[in-house]
Amino acid sequence: MLRWIMHIDLDAFFASIEQRDHPEWQGRPLVVGAAPSQRGVVATCSYEARRYGVRSAMPISQASQRLPDDAVYVRPRMAHYAAVSKQIMAALETISPVVEQASVDEAYLDVSGLERLIGPPGTIGRQAKRLIKHTVGLTASVGIGPNRLIAKLASEYRKPDGLMAVHPNEVQAFLDPMPISALRGIGPRTAPTLRQMGLERMVDIRQADPALLEKRLGLRLARAIISQAYGRGSDQVQPHSVRQSISKATTFEQDIVDPVRLRETLLWAAQEVGRPARREGLQGTTITLKIRLGNFKTLTRQRKLPAPTADDTVFYRQAWALYQESALAGKPVRLLGLGLSGWQHNAPSQGDLFDERPGPPEHVQTPRRVRLFQALDGISNKFGQNAITLGLRRKR
DNA sequence: TCTGGGGTCCTAGGACCC
DNA sequence: TCTGGGGTCCTAGGACCC
Ligand SMILES: [Mg+2]
Ligand SMILES: [Mg+2]
C-alpha cells in the first residue's frame, strides 16, 4: 500500500525560540551555545548569523570572530525548548494520530488517507505549518513523500519555511542530482571515501559497483546507501520508542587534574543520570565512564553490573573505580561523564529456545574431527565444564 | 583563534557456550 | 595433520545525527 509520510523540521529551532521570546533580538545575529569567551561550540544560530558563515558545531571563538559586535550570545535553555517541542508534538497529533518525534525539533507523520479529509499532500503540509505557526509562533520546513527518506530530504530542500511534496514518480529525478552528503549515514569522515571513488551525486551511487562499495564501507552502510540512492526507505512511523541510554558529561573550562574535582564531577553526573532513570522507572546494568583528555583523546570504560540499579551511589562508585583502574591519574582531563544503559535483561523467548537451526546439506560430509566435537559438546560435568572448557581445545 | 552534549547504531575481537 | 563452526555476550572505539 502506498503511503504518504510527512517530515517536519523546525527552522533554527533554539535560536528562533529565543528571538520569539526576546523581540529585541529579532533581526539580529543570535547564537545559542557557549559563551564567546569560553570553551564550546554553536548549538544553533539565527539566519542572520548564518549570513556571516556561522554554523552549528562551529567553535564559539570562531563564530565570535566572524560576527559583528551587535551579535547576541545566549546559553541553551534545553528544558524550555523541550517544553515548546512538546506543545508542537501535541498539536501535530490533531492532524494525524501517527506522530513520531525524531528529535527535539523533528517529527514524522503518517498522513496517508488524509487526502479525502484535507486535500492533496501540499495542502496537508500547509495545514501543518499553519498549525505550528499558530500554536508556538515558529516556522517549520515540511517535506512529504512516499517514505521517510524522501520526506526528510524534501523538508531539507526548501528551508527555511519550506514546503515540498515529492510524488512517487518524481523520486528518482528528485534524488539523482543530490550530493552524496545528503545520504543518511555519510558524514565528514566517509564522504571523502566516496569522492575518492569518483562518486559525487546520488546517481553515481546507483551506478557504482555494489561489491566495491561493500569493500570500502562495510556491508551494512553500503547496502543502506544503495537503497537510499534508489529512493527506497521505510514508510513506517512509530509513535513510541524506548530510549537505550541516559548519560551526563561536562567539559571543564580548564583541564582538570585534581582528583577531588573529578570525584565531585562524577558524583554530580551520577545524580543527573539517576534522577531521570528513576523518574522513568529505568534500572540499568551497564555503567560507562567517559573521559576526554587534554589532547582530545577520548576513552570509554564500561562495566556490566550483576544486577540492574538506579542508585546514584552505585553509579558514582563504579565510575570512580573505572577511573582508578584506567591508569589515567595525573593526566589532564578535558571532559568527564558517565552513562547508564542495558535495561533489564530480556528473557529468551520460546522461539529462541525451540527454533531448530538448519543442518548442513545432505551431500556435505561432516569431518570426523567435527563429529567428535559435536559429540563432546553435549557432555558436561556437574560444574558445567565440558570438553572445551576443560582444555581439549587449545587456546589461541 | 580550535573542537558541546545527548543520543543511536555499527564494527571487531576475545571469552564463552554448544 | 596444524587447530569446527555456529552462536551470544562483553568491551572499546568510532561515525553519525540533531
Ligand atoms: Mg531544525
Ligand atoms: Mg533537526
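Within every chain, numbering begins at 1; the chains are lettered A, B, ... in the order of the sequence lines, protein sequences first and strands thereafter. For clarity, every value in this text was computed on a predicted model and none was experimentally measured.
Closest heavy-atom contact between Leu293(A) and Arg334(A): O-CB, 3.6 Å.
When the side chain to side chain contact (heavy atoms under 4.5 Å, CB included) test is applied to Val260(A), the partners found at least two apart in sequence or on another chain are Asp258(A), Glu264(A). With sequence neighbours left out, the side chain to side chain contact (heavy atoms under 4.5 Å, CB included) criterion links Ser85(A) to Phe13(A), Met89(A), Gln101(A), Val104(A). In this view, Glu272(A) and Lys248(A), Trp268(A), Arg275(A) satisfy the side chain to side chain contact (heavy atoms under 4.5 Å, CB included) rule, not counting sequence neighbours.
Between the side chain of Gln62(A) and the base of dT1(B) there is no donor-acceptor pair of N/O atoms closer than 3.5 Å.
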Using distance only, find each side-chain donor-acceptor pair of residues 197-208 of chain A under 3.5 Å and give its atom names and separation, not counting sequence neighbours.
| residue | atom | partner | partner atom | Å |
| --- | --- | --- | --- | --- |
| Arg201(A) | NH1 | Pro177(A) | O | 2.5 |
| Asp204(A) | OD2 | Glu200(A) | N | 2.9 |
| Asp204(A) | OD2 | Arg201(A) | N | 2.9 |
| Arg206(A) | NE | Asp176(A) | OD1 | 3.2 |
| Arg206(A) | NH2 | Asp176(A) | OD1 | 2.9 |
| Arg206(A) | NH2 | Asp176(A) | OD2 | 2.6 |

List, one per line, each side-chain donor-acceptor pair under 3.5 Å for residues 319-328 of chain A, sequence neighbours excluded.
| residue | atom | partner | partner atom | Å |
| --- | --- | --- | --- | --- |
| Trp320(A) | NE1 | Gln324(A) | OE1 | 3.3 |
| Glu325(A) | OE1 | Arg303(A) | NH2 | 2.6 |
| Glu325(A) | OE2 | Arg303(A) | NH2 | 3.0 |
| Ser326(A) | OG | Tyr323(A) | O | 2.5 |

List the atom pairs, with distances to 0.1 Å, where a side-chain N or O of residues 186-194 of chain A and a protein N or O form a donor-acceptor pair under 3.5 Å, not counting sequence neighbours.
none

Exercise answer: donor-acceptor pairs, residues 43-54 of chain A side-chain atoms, under 3.5 Å, sequence neighbours excluded:
| residue | atom | partner | partner atom | Å |
| --- | --- | --- | --- | --- |
| Ser46(A) | OG | Arg28(A) | O | 3.3 |
| Ser46(A) | OG | Leu30(A) | N | 2.9 |
| Ser46(A) | OG | Glu48(A) | OE1 | 3.1 |
| Ser46(A) | OG | Ala49(A) | N | 3.4 |
| Arg50(A) | NE | Cys45(A) | O | 3.2 |
| Arg50(A) | NH2 | Cys45(A) | O | 3.3 |

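In the region residues 244-274 of chain A, proximity to DNA chain B at under 4.0 angstrom, judged on heavy atoms, holds for Gln244(A), Ser245(A), Ile246(A), Ser247(A), Lys248(A), Ala249(A), Thr250(A), Thr251(A).
Proximity note for Lys304(A) (side chain, C-beta onward) versus dA15(C), dG7(B), dT11(C): the nearest is dT11(C). When the nucleotides dT11(C), dC2(B), dG5(B) are ranked by their closest atom to the side chain of Ser61(A), dC2(B) comes out on top. Ranking dC2(B), dC18(C), dG4(B) by closeness to the Ala43(A) side chain, first place goes to dG4(B). Looking at the side chain of Gln302(A), the nearest of the listed nucleotides dT11(B), dG4(B), dT11(C) is dT11(C). The nucleotide whose nearest atom lies closest to any side-chain atom of Arg220(A) is, among dG4(B), dC18(C), dT11(B), dT11(B).
Residue-to-nucleotide proximity on DNA chain B shows that, of Gly218(A) and Phe296(A), the 5′-proximal contact is made by Phe296(A). Comparing Leu217(A) and Lys290(A) by the nucleotide of DNA chain B whose heavy atom lies nearest to each, the residue mapping closer to the 5' end is Lys290(A).
Each of Arg184(A), Glu100(A), Gln236(A), Arg3(A) was compared with Arg148(A) under the side-chain contact (heavy atoms from CB on, under 4.5 Å) criterion, and only Glu100(A) meets it.
Nucleotide dT11(C) holds its C1' atom 11 Å from the CG atom of Leu322(A), rounded to whole Å. In this structure, CD1 of Ile225(A) is placed 15 Å from C1' of dC10(B), rounded to the nearest angstrom. Counting to the nearest Å, the P atom of dG4(B) and the CE atom of Met58(A) are 14 Å from each other. Rounded to whole Å, the distance from CG on Asp105(A) to C1' on dC18(C) is 7 Å. Summarising the geometry, the separation between CZ on Arg189(A) and C1' on dT11(B) is reported as 16 Å, rounded to the nearest angstrom. The CG-P distance, from Leu67(A) to dT1(B), rounds to 13 Å in whole Å. Between Gln38(A) atom CD and dT1(B) atom C1' the separation is 16 Å, expressed in whole Å. Following rounding to the nearest Å, Leu299(A) (CG) and dT11(C) (P) show an atom-to-atom distance of 16 Å.
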N/O-N/O pairs, protein side and nucleotides 12-14 of chain B side, under 3.5 Å:
none

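Straight-line distance between the P atoms of dG4(C) and dG14(B): roughly 15 Å, to the nearest whole Å. Atom P of dC16(B) sits at a distance of 23 Å from the matching atom of dT3(C), rounded to the whole Å.
Side-chain atoms of Trp4(A) never come within 3.5 Å of backbone atoms of His167(A) as a donor-acceptor pair (strictly under, hydrogens ignored).
OP1 or OP2 of dG4(B) lies within a sub-4.0 Å distance of a side-chain N or O belonging to Arg334(A). Between Arg243(A) and dG7(B) there is a side-chain polar atom (N or O) within less than 4.0 angstrom of OP1 or OP2. Contact annotation: Arg292(A) reaches the phosphate of dG4(B) (side-chain N/O to OP1 or OP2, under 4.0 Å). Between Arg184(A) and dC18(C), a side-chain N or O to OP1/OP2 separation shorter than 4.0 Å is present. Here Ser64(A) does not reach the OP1 or OP2 of dT1(B): none of its side-chain N or O atoms lies under 4.0 Å away.
Each ring pair (Phe, Tyr, Trp, His ring centres under 6.0 Å) pair with one or both residues in residues 59-89 of chain A, not counting sequence neighbours, appears once here: Phe14(A)-Tyr81(A). Applying the ring pair (Phe, Tyr, Trp, His ring centres under 6.0 Å) test to every pair with at least one member in residues 89-148 of chain A, sequence neighbours left out, gives these pairs: His7(A)-Tyr108(A).
Residue contacts shown for Ser56(A) are absent, as no nucleic acid heavy atom lies under 4.0 Å away. Leu335(A) comes within contact range of the sugar-phosphate backbone alone, with a heavy-atom separation under 4.0 Å but no base atom that close. Looking at heavy-atom distances under 4.0 Å, Pro76(A) makes no contact with the nucleic acid at all. At a threshold of 4.0 angstrom between heavy atoms, the contacts of Ile186(A) are confined to the sugar-phosphate backbone, with no base atom among them. Contact annotation for Leu289(A): no contact, since no heavy-atom pair falls under 4.0 Å across all strands.
In this structure, dT1(B) shows a glycosidic angle within 90 degrees of zero, which is the syn conformation.
Looking only at atom types and distance, the side chain of Thr309(A) has no donor-acceptor partner in the side chain of Asp311(A) under 3.5 Å away.
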**Pair pattern of DNA chain C in dot-bracket, where unpaired bases get dots and | marks partners in another strand, Watson-Crick or G-U under 3.5 angstrom** = ....||||||||||||||

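Ion pairing of Asp312(A) with Arg278(A) is present here, as a side-chain N (NZ or NE/NH1/NH2) and a carboxylate O approach within less than 4.0 Å.
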